[in-house]
Amino acid sequence: MKPIFSFKILLFSIVTTLTLSSQKTTDEKDTDWKTYGGNAAGNRYSALSQINTGNVAKLQVAWQYDAAKKAEGAPAPRRPMEIQCQPIVVRGVLYGTTPMLSLFALRADTGEELWKFDPFKDTEPRFHANRGIMYWENGAKQRILYTAGDHLFALNAKDGKLVEGFGTNGKVDLRDGVTGIPGRENVTVSVDATSPGVIYKDILVIGSRVSEYGDAAPGYIRAFDVRTGKLKWVFHTIPQPGEKGYETWPKDAWKQIGGANNWAGMVLDEKRGNVFFGTGSPSVDFYGAAREGQNLYANCVISLNAETGKLNWYYQTVHHDLWDRDIPCQPNLVTVTQKGKKIDAVAQATKDGLLFLLDRNTGKPLFPVEERPAKTFYTLPGEHPWPTQPYPTKPAPFSRQLFTENDITDISPEATAFVKEKFAKSRSGSKYQTPSKEGTLYLGFGGGAEWGGNAADPDGILYQNGNEMVWDLTMLDYTGQRNTSDGKTLYMRNCAACHRADRQGSGQEYPSLVNVGSKLSKDEIATIIKSGRGRMPSFQHIPDRERAALVNFLLNIENKNTTAAEEHSATAAPKSAENNVAFPYIPPYINNGWTRFFDQNGYPAIKPPWGTLNAIDLNTGEYLWRVPLGEFPELTKKGIPVTGTENYGGPIVTAGGLVFIAGTKDERIRAFDKKTGKILWEYQLPAGGFATPVTYMVNGKQYIVIAAGGAKNGHKPGGSYIAFALP
């Protein structure tokens, strides 16, 4: 009997080994990238290693898909749009979005188009950036969910047809759960979503993008039923009476103030059933007299129960934000080792280059965070800055915190002299200096971290790209603008913050509008205002008559009907009978526009590096390496060390020992050795890859894909998805 028993054990062992071997082969043959951020935790990590440090130099183009190709008979877009989408891959099919927000499905191994869906086929378009989409399945039901304009769409993943039982004819209005606030019941607000939400079981949790000015909707977090589109719960990021945090605002501020929204995406701990995300600043940017207090839950890392929306914990990274320091990217759920103990954590990067590492269960910092005194004197009447601000002691900031005279660019004597003259006339120093009419130089308006986020491997090493950009902010007296023509009032309220009060613009991303009539027709200007373009939001929420007045102002056509204009303009905003609270809120000051501080040749005013890639050990809080990301070839040819460039999009990291990232102004995608930061491969894209790549495997071959959409910051437009593989 004993030999028979041994034979049975041996036979069982052989069968088990063969079964496991077969499963392993299947897993290696096809590997998906099913979620924005790579997985629910947002790690942007892949266990694939077919492409590795030893062979990555052999990568070549496998296929290319023209996502900007217009449908037969469709009009050409009036202005170039960019692609920021990180696609997903499920069962050998790649799903992504076009510059015009159409959704498509491709064979992931060849790039062959399977289907395409146009969300604006039968309606006015509302264009904005789209950074990703969502996938849900239950048995034979497989759905793609994504946002375009002010709607959330649900489509059959197999054929791209709308799911009729979802919402109204396959779509849900993104204003659900946001409108109906006392005092603005009949006001139309702008709500869309540039980043996808997360799906837990049959619940979709999502944030939104809203206006940053006095007409901003509140940035409430909503949950929808994936099957029906029905609203399940709402979390008020600006608390209402009786809710925790209400005391951190003036009475009834929730009726007047907007913002505090999650526009950068969220992540999910599936085991705990909790969703994690960051919020932005309250409206209006740069002036907070109407919202005195700490302002919870703006500028917070937040954990909610995904099924109920109940608050687990919050951690605020900026109190009473006066500097538009939104939390700009998804958190990253990691596991770190401290004092021999494994700890589940949340890593959150910020616009001003800080990294907060928080306990996933409690929200308490894993490295000490000090509340340090901030400069609390103020130069704008009515403003009361918060007296302290948090500073993590570890890790050290991944971008500079101050712009001092020692930080002035040194790429040439001429550049140094040019910047020094401007520096002498401006306020600089503390990162928490209050905005002023005298003008102040800041870091941290536009990253630090950007929406592309970061990547983390299973060892707790975080790979974070960062920007080093100085911004020139001056506050302008807006009170006198209320009695000007209707068009100018509308311009100051809706446009001046980006294009400046004098219409001169503030760089390539926000062009001058002084002679816009010589470049665009009246109808083209009206269409762009109504539909949006790239970072510019749609202004469909303002009445047609007001848009017409705004167009006339841009074309220098005088509007003499000021009496009628005042009846409908910002000065005649609806009021709450209870508290006489006006909406939209009209601040007495407005900023001069998003103005980067450059030298006379258009290079950043600060010493290089201007963009970096960093490897940070979250177990210890120490940096493993830091290298420039991107270059200006013309400066390199002059013998200037590689400077790095401003960069948009994020990294992915693989078990093959590689970090892949694009996003730079030199329009390249690169592979770095994750242990050393050395560049092992780079490829010149046909247009800027201002997106985050993905990697997956189909039929035993690993691919890297990046959206090369270009167009951002004045770059040439693109519109392609490009796949790379080994020969």
Side-chain angles (χ1 to χ4, degrees), residues 82 84 129 131 263-264 278 280 317-318 323-330 348-355 395-404 407-409 411 419 428 431 441-455 462-473 506-510 535 594-599 602-616 623 625-632 635 641-651 659 661-670 672 677 688-692 712-715:
E82 58 184 295
Q84 296 182 357
R131 293 171 184 140
W263 58 263
T317 59
V318 180
W323 309 274
D324 191 37
R325 291 193 174 124
D326 302 342
I327 289 182
C329 57
Q330 284 179 300
Q348 180 66 69
T350 71
K351 268 188 182 180
D352 49 343
L354 304 179
L355 190 64
F398 56 86
S399 62
R400 280 166 283 191
Q401 301 294 288
L402 303 175
F403 181 54
T404 68
D407 296 302
I408 290 175
T409 180
I411 63 170
V419 172
S428 187
K431 63 185 286 188
L441 303 175
Y442 292 101
L443 290 155
F445 282 3
E450 287 288 351
W451 51 263
N454 43 49
L462 191 84
Y463 303 90
Q464 175 73 62
N465 54 310
N467 283 319
E468 306 266 357
M469 191 63 54
V470 182
W471 300 80
D472 181 7
L473 178 74
S506 49
Q508 295 171 322
E509 193 166 4
Y510 306 106
R535 182 165 181 173
W594 288 89
T595 304
R596 294 170 175 86
F597 186 13
F598 291 131
D599 70 14
Y603 298 112
I606 198 169
K607 283 180 183 176
W610 300 323
T612 62
L613 183 62
N614 306 269
I616 308 170
Y623 283 67
W625 49 260
R626 185 173 192 254
V627 297
L629 177 60
E631 69 173 313
F632 290 93
L635 297 182
V642 174
T643 60
T645 76
E646 194 174 4
N647 51 88
Y648 293 88
V659 177
I661 188 168
T664 51
K665 290 177 71 69
D666 56 17
E667 302 177 336
R668 298 175 189 172
I669 182 171
R670 294 173 168 87
F672 292 81
F690 304 119
T692 301
K712 188 173 184 65
N713 291 344
H715 283 73

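Positions are given from 1, in the same order as the sequence printed here. Here the structure is a predicted model, which means the values were calculated and not measured.
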Counting distance only, does the side-chain N/O of Gln464 pair as donor-acceptor with the main-chain N or O of Pro651 below 3.5 Å? no
For the residue pair Asn614 and Tyr623, what are the closest heavy atoms and their distance? OD1-CE2, 3.8 Å
Do the side chains of Tyr463 and Phe672 get nearer than 4.5 Å, heavy atoms only? no
Distance-minimising heavy-atom pair for Pro628 and Gly644: CB-N, 3.9 Å
On a heavy-atom basis, which atom in Lys665 and which in His715 lie closest, and how many Å separate them? O-NE2, 3.1 Å
Compare all side-chain heavy atoms of Ile661 with those of Ile669 and state whether any distance is below 4.5 angstrom. no
Using modelled atom types only, decide if a donor and an acceptor are shared between the side chain of Thr645 and the backbone of Thr664 within a distance under 3.5 Å. no
Rounded to the nearest 0.5 Å, how far apart are CZ of Phe690 and CZ of Arg131? 13.5 Å
Checking side-chain contact (heavy atoms from CB on, under 4.5 Å) against Ser428, which of Asp407, Leu402, Thr404, Leu441 comes through? Leu441
Check whether Glu82 reaches the backbone of Ala129 with its side chain - one donor and one acceptor, N or O, closer than 3.5 Å. no
Should the pair Phe597 and Phe403 be assigned to parallel (<30°), tilted (30 to 60°) or perpendicular (>60°) ring geometry? perpendicular
Just by distance, do the side chain of Tyr648 and the backbone of Gln84 share a donor-acceptor pair under 3.5 Å? no
Cys329 and Ala264 have their tightest heavy-atom pair at N-CB, 3.4 Å
Between Asn454 and Gly650 (side chain of the first, backbone of the second, donor and acceptor by atom type, cut-off under 3.5 Å), is there such a pair? no
So does Phe445 get a backbone contact from the side chain of Lys351, meaning a donor-acceptor N/O pair under 3.5 Å? yes
With a 4.5 Å cut-off on side-chain heavy atoms, are Arg596 and Pro604 touching? no
In the structure I gave you, are the side-chain heavy atoms of Tyr603 and Leu635 within less than 4.5 Å of one another anywhere? yes
Could you walk me through whether Thr350 and Val318 pass side-chain contact (heavy atoms from CB on, under 4.5 Å), step by step? CA-CA 10 Å; Thr350 71; Val318 180; over 6 Å; no
Would you say that Leu462 contacts Leu355 through its side chain, given a criterion of any heavy-atom pair below 4.5 Å between the two side chains? yes
So CH2 of Trp610 and CG of Asn467: to nearest 0.5 Å the spacing works out to 12.5 Å
Between the main-chain N or O of Leu629 and the side-chain N or O of Arg670, is there a donor-acceptor pair closer than 3.5 Å? no
State the CD-CD distance between Gln330 and Gln348, to the nearest 0.5 angstrom. 9.5 Å
Is any side-chain heavy atom of Lys431 less than 4.5 Å from a side-chain heavy atom of Arg325? yes
To the nearest 0.5 Å, how far apart are CZ in Arg400 and CD1 in Ile606? 3.5 Å
Rounded distance [0.5 Å steps], CZ in Phe398 versus CG in Leu354: 7.5 Å
What heavy-atom pair brings Ala449 and Pro328 nearest, and what distance separates the two atoms? O-CG, 3.5 Å
Would a distance-only check, ignoring hydrogens and angles, find a side-chain to backbone donor-acceptor pair under 3.5 Å from Asp666 to Glu631? yes
Distance check, rounded to the nearest 0.5 Å: Thr595 atom OG1 versus Asp472 atom CG? 6.0 Å
Do any N or O atoms from the side chain of Asn465 and from the backbone of Gly649 form a donor-acceptor pair under 3.5 angstrom? yes
Heavy atoms of Pro609 and Arg626 approach each other most closely as CG-NH1, 4.0 Å
